[in-house]
Amino acid sequence: VQLQASGGGLVQPGGSLRLSCATSGRPFSNYDMAWFRQAPGNERQFVAGHRRGRGATYNADLVKGRFTISRDNAKNTMYLQMNSLIPEDTAVYYCAATTAHTITSSMRSVGTYEYWGQGTLVTVSS
């Protein structure tokens, strides 16, 4: 599967952005999906995940109540709605996919995912 992330940009603190991850190749519904982010000098960190099937979702504590992950299987696209953005959210955001059926711990691990998008930069600054 190929992943294409988009929607990043410059936003003021308190603002919102919606990221998209369009997929192509094998059926989108075959994958557990996630968003990760990486700020300069930091390791890539889990942001939110969305399982296939019933589509259980999980958010990292840092973004709970502010970010919402969703997926549209008909459009083969995953989204990340980001509200109440703060400067600490500044990072390159990556979407990822795995054929594995994840559990909570594995969903949060970079090594779980076989497929990655190219990343989209989100900058939160006044």
Please check: side-chain N/O of Thr120 versus main-chain N/O of Gly8, any donor-acceptor pairing under 3.5 Å?
yes
Measure across Cys95 and Leu3 and return the closest heavy-atom pair with its distance rounded to 0.1 Å.
O-CD1, 3.6 Å
Do we see a donor-acceptor contact under 3.5 Å between the side chains of Thr98 and Glu114?
yes
Mind checking the CG-OG spacing from Asn73 to Ser29? Nearest 0.5 Å is all I need.
5.5 Å
Do Met107 and His50 have side chains that approach each other closer than 4.5 Å (heavy atoms only, starting at C-beta)?
no
Between Arg108 and Tyr58: side-chain donor-acceptor atoms closer than 3.5 Å
no
Side chain of Thr90, backbone of Val124: donor and acceptor closer than 3.5 Å?
yes
Would you name the heavy atoms of Asn59 and Lys64 that are closest together and state the gap between them?
O-CE, 3.3 Å
Contacts of type salt bridge (charged side-chain N to carboxylate O under 4.0 Å, His left out), residue Arg18, not counting sequence neighbours
none
Side chain to side chain contact (heavy atoms under 4.5 Å, CB included) between Ile86 and Arg66, worked out:
CA-CA 10 Å; Ile86 60 177; Arg66 300 189 299 122; 4.0 Å; yes
For residues Asp72 and Thr77, is any side-chain donor paired with an opposing acceptor at under 3.5 Å?
no
Just jot down the side chain to side chain donor-acceptor pair (under 3.5 Å) partners of Gln2, sequence neighbours excluded, or say none.
Ser24
Leu80 vs Val47, side chain to side chain contact (heavy atoms under 4.5 Å, CB included): CA-CA, chis, key distance, verdict:
CA-CA 9 Å; Leu80 185 68; Val47 174; 4.1 Å; yes
Would you sort out whether Asn76 and Thr23 count as a side chain to side chain donor-acceptor pair (under 3.5 Å), showing the intermediate values?
CA-CA 6 Å; Asn76 295 324; Thr23 70; 4.7 Å; no
Between Leu85 and Leu17, what is the shortest heavy-atom contact and its length?
CD1-N, 3.9 Å
For the residue pair Ile69 and Met78, what are the closest heavy atoms and their distance?
CD1-SD, 3.8 Å
Are Trp116 and Val1 connected in a single hydrophobic cluster, I mean Ile/Leu/Val/Met/Phe/Trp/Tyr linked by side-chain heavy atoms less than 4.5 Å apart?
no
How about Ser125 and Gln12: do any of their side-chain heavy atoms sit closer than 4.5 Å?
no
So do the side chains of Gln38 and Gln45 get within less than 4.5 Å of each other, counting heavy atoms only?
no
Non-hydrogen atoms of Met82 and Val122 that approach each other most closely:
CE-CG2, 3.8 Å
Can you tell me how far apart CZ (Arg71) and SG (Cys21) are? Round to the nearest 0.5 Å.
10.0 Å
Determine, using ring centers only, whether Trp35 and Phe67 are less than 6.0 Å apart.
no
Excluding sequence neighbours, so at least two apart, what forms ring-ring contact (aromatic ring centres under 6.0 Å, His included) with Tyr94?
none
Can you find a pair of side-chain heavy atoms, one from Arg44 and one from Arg37, that are under 4.5 Å apart?
no
Mind checking the CZ-OG1 spacing from Arg51 to Thr104? Nearest 0.5 Å is all I need.
5.0 Å
Tell me if the aromatic rings of Tyr113 and Phe36 count as close, with their centers under 6.0 Å from one another.
yes
Can you name the closest pair of heavy atoms from Asp32 and Arg52 and give their distance?
OD1-NE, 2.8 Å
State plainly whether one hydrophobic cluster holds both Val11 and Tyr93, where clusters connect Ile, Leu, Val, Met, Phe, Trp and Tyr through side-chain heavy atoms under 4.5 angstrom apart.
yes
